[in-house]
Amino acid sequence: MKLGVVGLPNVGKSTLFNAITEAGAECANYPFCTIEPNVGVVAVPDERLDVLAKMYNTKKVTPAVLEFVDIAGLVKGASAGEGLGNKFLSHIREVDAIVHVVRCFDDPNIIHVEGSIDPLRDIETINLELVLSDLESVKKRLDKAEKYVKTGEKSYAEEAQLLKKLCDTLESGKCIRTLKLTEEEKAMTDGFFLITSKPVIYCANIGEDDIGKSNPYVEKVKQFAKEENSEFMEICAKVEEEIAQLDKSERAVFLEEMGLKESGLSRIIKKGYELLGLISYLTAGEKEVRAWTIEKGTKAPQAAGKIHSDFEKGFIRAEIVTYDDLVECGGFNQAKEKGKVRSEGKDYVFKDGDVALFRFNV
């Protein structure tokens, strides 16, 4: 799963991405790896793994991971190919969700591309380019669908009706994600691969001096995200970059001194994981403790298939214990003795934190 980091020049986008990838480099068993100069893989923070590692006395801990993409900067006219517009749009189409970094700090030494600080204007600049790009795509599809409607094919009539609805929203300057759609409409819209239908975290980047203080810029971004029904968070990219460069043992002390409970990076990675509709189930033993990424609503055979395709093909049952019950009992066998382990079949829907042992036969 990919999250694209976007933003105008000099808003802190690359600083945040550098902090994310620097933090990823500290992951012992799932190291940060550079796929391209602007792509990095980082671990999803999960305190449960450390607890299970101690319980099973294993040194191999494999967390769930997310891929972050630092997407090329954007300028007005990107939808028409200005600047790196075409490259920007092609990259952003490939991600599953967007982290939109918005500058919410004053600094005369860092020039803003527009000459002043106005977070809502900055959001509108990027969103408008994405809306225009989607509008062009939707209009092409609508023209094609309307031609086929004349053949009397019912499916094209439904598609044309939905495309008109999307077109009206985009022509009003709004993103598709603001539109209330039925489950059927949403499924159809997903097949159009529109940029503005992607979920977003609006990330208000503040200055060091603003940590713990009220900030009028931040409040504007927060209100905008609420109205759009998108996610919001506040972060200081510069501080996050400093934290990421510290040894792991020093990070907790630094955070405490700054009055922070956890790093902004941990929050943004966790929020991104949730935004994508992902959860983790766990496997634990002396050889390895591991988190496996699945989508919410995944049933037992498909969850087993994440480990190996043979597990899914020959699935018999899954022995499940909740993380809390496993920790309380002190181990899988002890949990089984106390009746905390359940035997689940093919229709069982996995929940976050389920610890699983699969039975299969190929």
Test your reading of the model: is there a side-chain donor-acceptor pair from Thr62 to the backbone of Arg290, 3.5 Å cut-off?
no
Output for pair (Thr169 OG1, Lys180 NZ), nearest 0.5 Å, gives 13.0 Å
Inset, instruction - Evaluate whether atom CZ of Phe193 has more than 12 neighbouring non-hydrogen atoms of other residues, nucleotides or ligands under 6.0 angstrom away. - result: no
Side-chain heavy-atom pair Met233, Ile201 within 4.5 angstrom cut-off: yes
TODO: Check whether Leu265 and Ile243 end up in the same hydrophobic cluster, where Ile, Leu, Val, Met, Phe, Trp and Tyr are linked by side-chain heavy atoms less than 4.5 Å apart.
DONE: yes
- Are more than 12 heavy atoms from other residues, nucleotides or ligands located less than 6.0 Å from atom CD of Glu171? yes
**Asked** Asn205 side chain to Ala237 main-chain N or O, any donor-acceptor pair under 3.5 Å?
**Response** yes
### Task
Say whether, by atom type as modelled, one donor and one acceptor occur between the side chain of Glu240 and the main chain of Gly264 under 3.5 angstrom.
yes
- prompt: Same hydrophobic cluster for Leu276 and Val5, using side-chain heavy-atom links shorter than 4.5 Å among ILVMFWY?
  reply: yes
Distance flag, aromatic centroids of Phe360 and Phe315, threshold under 6.0 Å: no
| said: Under 3.5 Å, is there a donor on one side chain and an acceptor on the other for Tyr348 and Asp354? | reply: yes
_Ion pair Glu185/Lys165, N-O distance below 4.0 Å_ = yes
Tightest non-hydrogen contact, residues Lys13 and Val6, listed as CD-C, 3.3 Å
Taken to the nearest 0.5 Å, the spacing of Asn127 CG from Asp134 CG works out to 10.5 Å
With side chain to side chain donor-acceptor pair (under 3.5 Å) as the test, would you mind laying out the steps for Thr322 and Asp325 before giving the verdict?
CA-CA 5 Å; Thr322 67; Asp325 284 343; 3.2 Å; yes
Between Val253 and the options Glu250, Glu256, Arg251, Glu257, the side-chain contact (heavy atoms from CB on, under 4.5 Å) test singles out Glu257
So do the side chains of Cys203 and Val102 get within less than 4.5 Å of each other, counting heavy atoms only? no
- Task: Evaluate the ring planes of Tyr281 and Trp292, with Trp represented by its six-membered ring, and classify them as parallel (under 30°), tilted (30 to 60°) or perpendicular (over 60°).
- Result: parallel
task: Treating Ile, Leu, Val, Met, Phe, Trp and Tyr as nodes and any side-chain heavy-atom pair under 4.5 angstrom as an edge, say whether Ile195 and Leu181 lie in one connected cluster.
output: no
Apply side-chain contact (heavy atoms from CB on, under 4.5 Å) to the pair Leu162 and Phe192, showing each step before the final yes or no.
CA-CA 11 Å; Leu162 173 59; Phe192 300 152; 4.0 Å; yes
| message | Would you say that Tyr217 contacts Asp210 through its side chain, given a criterion of any heavy-atom pair below 4.5 Å between the two side chains? | response | no
request  = Could you tell me whether Lys140 and Glu136 make a salt bridge, using a distance below 4.0 angstrom between a side-chain N and a carboxylate O?
outcome  = yes
> Is Asp96 reaching over with its side chain to a backbone N or O of Lys2, donor-acceptor style, under 3.5 angstrom?
Replying inline: yes
Residues, nucleotides or ligands: over 12 heavy atoms within 6.0 Å of Lys186 NZ
no
### Message
I'd like to know whether CD of Glu295 has more than 12 heavy-atom contacts from other residues, nucleotides or ligands below 6.0 angstrom.
### Response
no
Between Glu286 and Asn57, does the side-chain contact (heavy atoms from CB on, under 4.5 Å) criterion hold? Intermediate values first, please.
CA-CA 6 Å; Glu286 291 179 9; Asn57 194 28; over 6 Å; no
Residue pair Leu66, Leu3: steps toward the side-chain contact (heavy atoms from CB on, under 4.5 Å) verdict: CA-CA 8 Å; Leu66 280 181; Leu3 285 95; 3.6 Å; yes
Interatomic distance, CD@Glu288 vs OG1@Thr283, rounded to 0.5 Å, equals 6.0 Å
Nearest heavy-atom contact between Leu8 and Ile126 is N-CD1, 3.8 Å
Heavy-atom neighbours of Lys306 NZ exceed 12 at 6.0 Å: no
For atom CD of Gln223, decide whether the heavy atoms of other residues, nucleotides or ligands shown that lie under 6.0 angstrom number more than 12. yes
Of all heavy-atom pairs linking Ala225 and Phe232, the shortest is CB-CB, 3.8 Å
Q: For the pair Cys329 and Lys338, evaluate side-chain contact (heavy atoms from CB on, under 4.5 Å) and give the outcome as yes or no after the intermediate values.
A: CA-CA 8 Å; Cys329 295; Lys338 293 182 180 179; 3.8 Å; yes
CG (Asp209) with more than 12 external heavy atoms under 6.0 Å | no
**same_hphob_cluster(Leu120, Val11) at 4.5 Å side-chain heavy-atom cutoff** = yes
Working note: Arg317 + Glu344, criterion salt bridge (Lys or Arg N to Asp or Glu O under 4.0 Å); need CA distance, chi angles, decisive distance, verdict.
CA-CA 6 Å; Arg317 68 179 186 277; Glu344 301 287 0; over 6 Å; no
Side chains of Glu262 and Lys270, heavy atoms from C-beta outward: is any pair under 4.5 Å? yes
Is the shortest side-chain heavy-atom distance between Leu52 and Leu326 below 4.5 Å? yes
Heavy-atom nearest pair, Glu319 first then Arg359, reads OE2-NE, 3.3 Å
Quick one, Met55 and Val327 - any side-chain contact, counting heavy atoms below 4.5 Å?
yes
Shortest non-hydrogen pair, Ala244 vs Ala19, comes out as CB-O, 3.5 Å
| Ignoring hydrogens and geometry, is there a side-chain-to-backbone donor-acceptor pair from Lys198 to Arg93 under 3.5 Å? | yes
Exercise for the section: Give me the ring orientation class for Phe224 and Tyr202: parallel if the planes are under 30° apart, tilted from 30 to 60°, perpendicular past 60°. Expected result: perpendicular
Are Arg48 and Ser280 close enough that some pair of their side-chain heavy atoms sits under 4.5 Å apart?
-> yes
Is there a path of hydrophobic side-chain contacts, each under 4.5 Å between heavy atoms, that joins Leu166 and Val200? no
Looking at side-chain heavy atoms only, is the closest gap between Val65 and Val42 below 4.5 Å?
no
Can you tell me if Lys340 has over 12 outside heavy atoms packed within less than 6.0 Å of its NZ? no
dist Glu146:CD -> Arg141:CZ (nearest 0.5 Å) comes out at 14.0 Å
query = Under 6.0 Å between ring centres, would you say that holds for Phe17 and Phe68?
reply = no
d(Asp118 CG, Thr125 OG1) to nearest 0.5 Å is 8.5 Å
Between Gly173 and Val131 the two heavy atoms that sit nearest each other are O-CG2, 4.0 Å
One should read off an interatomic distance between Ile294 CD1 and Lys299 NZ, to the nearest 0.5 angstrom, of 13.0 Å
